[in-house]
Peer 1: 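Can you keep this structure in mind? I'll have questions shortly.
Below, read A as the first sequence line, B as the second, and so on, with proteins coming before strands; counting in each chain starts at 1. Keep in mind that the numbers below use all heavy atoms, side chains included, and drop hydrogens, waters and symmetry copies. Because the structure is predicted, anything quoted here is derived from the model rather than measured.
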Amino acid sequence: MQNPKRYLITAALPYANGLKHVGHLAGAYIPADIYARYLRAQLRDVVFVCGSDEHGTAIPIQARKEGTTAQAIIDKYHEAMRQDFGDLSIEFDIYHRTSDPLHHETAAAFFQQLEQAGELETKETEQFFDPEAQTFLADRFIKGTCPSCKSDRAFGDQCESCGRSLSPDELINPLSTLSGATPILKKTTHWYLPLGKHEAFLREWILEQHKQDWRPTVVGQCKGWIEGGLQSRAVTRDLDWGVKVPLPQADGKVLYVWFDAPIGYISATKQWAIDNGKDWEPYWKDADTQLVHFIGKDNIVFHCIIFPVMLKLGGYILPDNVPSNEFLNLEGDKMSTSRNWKLDMRDYINDFVKAENGGGQAVDMLRYYLTQIAPETKDSEFTWKGFQDAVNNELVAVLGNFVNRSWVLMHKLCKGKVPPYHAAKADEYDKALIEQIRVATESITAHLEKYQFRDALFTVIDLARHGNQYMQRKEPWIIAKRLETEPDAQQSIDNCLHLCLQLTANLTILVNPFLPNTTKTLCQMMKVVDRMLEWKNAGRIDLLKVGYSLREPQLLFRKIEDTEIATQLEKLKKNMMSNEIPPAPITTQAELPAAKPTIQFDDFAKIELKVGTIVAAEKVEKADKLLKLSVDLGTETRTIVSGIALHYSPEEIIGKQVSVVTNLAPRKMRGIESNGMILMAEDASGKLHFVNPQSPVEPGSGIS
RNA sequence: CGCGAAGUAGAGCAGCGGUAGCUCGUUGGGCUCAUAACCCAAAGGUCGGGAGUUCGAUCCUCCCCUUCGCAACCA
């Protein structure tokens, strides 16, 4: 969009069930903040909204785990996250929350509008219900035996052991993970958003109109979903935590969290408007508004497919771009909350920002490094060594040092004042530097407009690097030695330092969106007011008035010591170790709230077990875990499909004796009917072993 | 399985049809105003593998391999 009248910037609403880590920061919040700050410097009309996402099943679950209430959980994490963002100079215009009444009202009205316009469907389905906990169960909260590999580590959505995706009704012996009770099927009615109806719109809007200007990963993923067929998605759930469905017949139902959360952007904007005496509607309904969602890649489907459909139906504008980032890994491994392999924003704040020598410069160091390694096109990696190198070799050595040496020389050779520029004496180096400032400004602006923050920041640092090169060529400290015999030499010194100071002023403007605290320090050193920071001033070489006296230099950044990163690495490893104390092999009672109930002999007798001999085996096509086996059971040879291909090759198991459940109902897998099931024992490492007689017996022998 | 993204110097990345670039690191030299910072130079790559299209491919097409992700907690 060319020069829109106003901008609305959103950063993904963080889920209020825990602290957020630097991956979240690099993925959404820092890029969004940079963009918002840049637009503010451009004096554009911009609102930058965010807030806590406080609904969904996971919040009550978390509350149960922490032995408290859902409200206490969201209050705690909402406040913690708000604080952490503030500490890292993420400057939202508003940080709202979805538990706010204004949001409930907004989301309910949104639903009602779609409902009344006939854009939603209702469907009656049977869902598992926990009779003890008196609640319907999300797929993830049902545990049972996998129909495919027979592992008991299968959940309603997926088997942890064989990786197969499941639906809850496929589980053998389903159990509620909440109470351990056996769930019962119960009828329930839900509202659905029929995405399929909007396929043509999505195709045209994303795959045609935004093929070029959206990131390839974003368009690619959307393409995958659209091509894969868009299913209707349930908009409501049976739960007592969330936005109540505003219909009389929907008692006990709330809006599904994915539906209510993005509406949080709208309610946040409303609250901002109230607080600031503005009108919220143009920001969401005027076509001359540019809406940009900053998110991580796991959120693409919501912000590019589902929410846009909702926005279109509701009469709102669509996002102009959704600059989604990939993931940030940590020291060679994926960040993971459950394994405690992560760096929380708060940990950095405590160890660096709040430490001695910390403060704003420590904030900017992290902002710098995370921007420099931002996973804009592919996953990238945070390493403490990388952090140290970036700070010491770039922030300290290039930017910090350039400013410092300029200031020191200016105080030594120019009496602490901005020296005059003698245009008549300008040499090729002077002219080249002026040109470099102009070119860099244009380039940085272009990168920012295209959401290429990493390249933009690189160009800023590169400009400081040019400053160092320029100074080296001009060598004012050498020229100063000739002053006694050659008084005219002062003009060369003046020109050099005049330009170095003007370059510093330019760097201050250009680095402001990225490193706002550094900008503040620089402004103090130059004794300039915030108005100088307006973006239109970038590229000018008359920002500091000749004769103006400047303050003493102060170091912009300190070095990161080896001991500091060693401490961090140790801490990271220790955290993970402490998390690993209960090693995986033995499943604890707490994890498996329901051991299988005692059964009577009659139940056992229902199972027919026989010894068989594998006579043939082949790999099942298009399945990497399945083998198709022919098993000799004495009286007959049966086809059995088994999920053991990762553990055994077809050749090595031919002739092996195995235990077979022979009266299991037939089941089709990958188009092949399997008549029975091979018993396998799983060891601690997950490796499967055959359960077979100690010495060979006749095929078909019974087992009891 | 399928779908999406990615595989380029020791590391991190750019390039995307015309004899391989950047930053850091390494080595050598210079300078000394500067937070042992700065500047200059050099070494270092058969651009994941194979086939094809083309006068010519890192860049296009096909196949294969590897990594990451793929809808209901997770940037």
Peer 1: Nearest whole Å is fine: how far is B/G12 P from A/D379 CG?
Peer 2: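 Result: 13 Å.
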Peer 1: Determine the contact category for A/E394: base if any of its heavy atoms lies under 4.0 Å from a base atom, sugar-phosphate if only primed atoms, P, OP1 or OP2 are that close, otherwise nothing.
Peer 2: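 Sugar-phosphate contact only.
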Peer 1: Using the P atom on both, measure B/C68 against B/G25 and round to a whole Å.
Peer 2: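 So the two P atoms sit 30 Å from each other.
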Peer 1: Report yes or no: does A/R97 contribute a side-chain atom to a donor-acceptor pair with the main-chain N or O of A/H78 at less than 3.5 Å?
Peer 2: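 Not a single qualifying donor-acceptor pair exists.
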Peer 1: With a 6.0 Å cut-off on ring centres, are A/Y368 and A/F514 close enough?
Peer 2: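 Judged by ring-centre distance (under 6.0 Å), A/Y368 and A/F514 do not meet the cut-off.
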Peer 1: If I pick the C1' atom on B/U61 and the same atom on B/G17, what distance separates them, to the nearest angstrom?
Peer 2: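 Here B/G17 and B/U61 have their C1' atoms 14 Å from each other.
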Peer 1: Run the ring-centre check on A/Y265 versus A/H293 and record whether the distance is less than 6.0 Å.
Peer 2: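 They qualify: ring centres under 6.0 Å apart.
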Peer 1: Which is true for A/R233 with a 4.0 Å heavy-atom rule: it touches a base, it touches only sugar-phosphate, or it touches nothing?
Peer 2: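 Touches a base.
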Peer 1: Do A/D427 side-chain atoms and A/Y429 backbone N/O form a donor-acceptor pair below 3.5 Å?
Peer 2: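 At least one qualifying donor-acceptor pair exists.
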Peer 1: Quick one: does A/Y369's side chain have a donor or acceptor within less than 3.5 Å of a partner on A/D389's backbone?
Peer 2: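 No, the answer is negative, given that no donor and acceptor are paired below the 3.5 Å cut-off.
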Peer 1: Distance between the P atoms of B/A6 and B/U19, in whole angstroms?
Peer 2: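 Looking at atom P only, B/A6 and B/U19 are 24 Å apart.
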Peer 1: In this structure, how many angstroms lie between the P atom of B/C24 and the CZ atom of A/R454, rounded?
Peer 2: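 The answer, rounded to whole Å, is 16 Å.
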Peer 1: 5'-most contact on RNA chain B: A/K20 or A/I306, nearest heavy atom basis?
Peer 2: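 Here A/I306 is the residue nearer the 5' end.
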Peer 1: Side chain of A/H24 only, please: which of B/A71, B/A72, B/C74 is the nearest?
Peer 2: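 So the nucleotide nearest the side chain must be B/C74.
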Peer 1: Do the side chains of A/K342 and A/D347 get close enough for a salt bridge, i.e. N-O under 4.0 angstrom?
Peer 2: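 Judged by the 4.0 Å cut-off on N to carboxylate O distance, A/K342 and A/D347 do not form a salt bridge.
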Peer 1: Please measure how far the C1' atom in B/C3 lies from the corresponding atom in B/A9, and state the result in whole Å.
Peer 2: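 That atom pair is separated by 33 Å.
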Peer 1: Considering every strand and a 4.0 Å limit on heavy-atom distances, what is the contact class for A/F458: base, sugar-phosphate, or nothing?
Peer 2: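 Sugar-phosphate, backbone atoms only, no base.
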Peer 1: Can you tell me if A/R215 and A/N321 form a side-chain donor-acceptor pair at under 3.5 Å?
Peer 2: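 Absent: no donor and acceptor within the cut-off.
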Peer 1: Let me know the distance between CG of A/N299 and P of B/A71, rounded to the nearest Å.
Peer 2: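 Roughly 12 Å, once rounded to whole Å.
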Peer 1: Could you check whether A/F327 gets within reach of a base, just the sugar-phosphate, or nothing at all, counting any heavy atom under 4.0 Å?
Peer 2: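 The residue A/F327 makes base contact.
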Peer 1: Please measure how far the P atom in B/G49 lies from the corresponding atom in B/A11, and state the result in whole Å.
Peer 2: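 Nearest-Å result for B/G49 against B/A11 at atom P: 15 Å.
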Peer 1: Please give, in whole Å, the distance from B/A72 C1' to A/L193 CG?
Peer 2: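 Spelled out: CG on A/L193 to C1' on B/A72 is 14 Å.
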Peer 1: Distance between the C1' atoms of B/A72 and B/U67, in whole angstroms?
Peer 2: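 Per the computed distance, 26 Å lies between those C1' atoms.
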Peer 1: Between A/W225 (CH2) and B/A72 (C1'), how many Å, whole number?
Peer 2: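 Taking CH2 of A/W225 and C1' of B/A72, I get 12 Å after rounding.
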Peer 1: Hey, could you give me the SG/CG distance between A/C496 and A/L409, rounded to the nearest 0.5 Å?
Peer 2: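 Rounded to the nearest 0.5 Å, the SG-CG separation comes out at 7.5 Å.
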Peer 1: May I have the distance from A/K223 (atom NZ) to B/C70 (atom C1'), rounded to whole angstrom?
Peer 2: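 Computing the A/K223:NZ to B/C70:C1' distance gives 15 Å.
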Peer 1: Mind checking A/I300 for me? I need base, sugar-phosphate or nothing, with any heavy atom below 4.0 Å counting as a touch.
Peer 2: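 Nothing, no heavy atom under 4.0 Å.
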Peer 1: In whole Å, measure the gap between the C1' atoms of B/G7 and B/U26 for me.
Peer 2: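 Result for the C1' pair: 25 Å, nearest Å.
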Peer 1: Could you tell me how far apart A/Y192 (OH) and B/A71 (P) are, to the nearest whole angstrom?
Peer 2: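 After rounding, the gap between these two atoms is 18 Å.
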Peer 1: How would RNA chain B look in dot-bracket form, 5' to 3', counting Watson-Crick and G-U wobble pairs with both distances under 3.5 Å and writing | for bases paired to another strand?
Peer 2: .(((((((.[[[[.)..(..]]]].(((((.......))))).....[[[[[..)....]]]]])))))).....
Peer 1: Does the distance from a Lys or Arg side-chain N to an Asp or Glu carboxylate O, for A/D33 and A/R367, drop under 4.0 Å?
Peer 2: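 A/R367 and A/D33: salt-bridged.
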Peer 1: Side-chain donor-acceptor pair under 3.5 Å between A/D213 and A/H210, yes or no?
Peer 2: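 There is such a pair (donor and acceptor under 3.5 Å, judged by atom type) between the side chains of A/D213 and A/H210.
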Peer 1: How long is the line joining CG of A/L207 and P of B/G4, in whole Å?
Peer 2: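 Taking atom P of B/G4 as the reference, CG of A/L207 is at 12 Å.
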Peer 1: For nucleotides 32-40 of chain B, give me one character per nucleotide, 5' to 3': B if any protein heavy atom sits under 4.0 Å from the base, S if the only such contacts are to the sugar-phosphate, - if neither.
Peer 2: SBBB-SBSS
Peer 1: Distance from A/I226 atom CD1 to A/L202 atom CG, nearest 0.5 Å?
Peer 2: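 The CG atom of A/L202 is 5.0 Å from CD1 of A/I226, to the nearest 0.5 Å.
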Peer 1: So which one's nearest nucleotide on RNA chain B is more toward 5', A/Q221 or A/D389?
Peer 2: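 It is A/Q221, whose closest nucleotide lies nearer the 5' terminus.
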Peer 1: When the C1' atoms of B/U54 and B/C60 are considered, how many whole Å apart are they?
Peer 2: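 Going atom to atom, C1' in each nucleotide, I get 10 Å.
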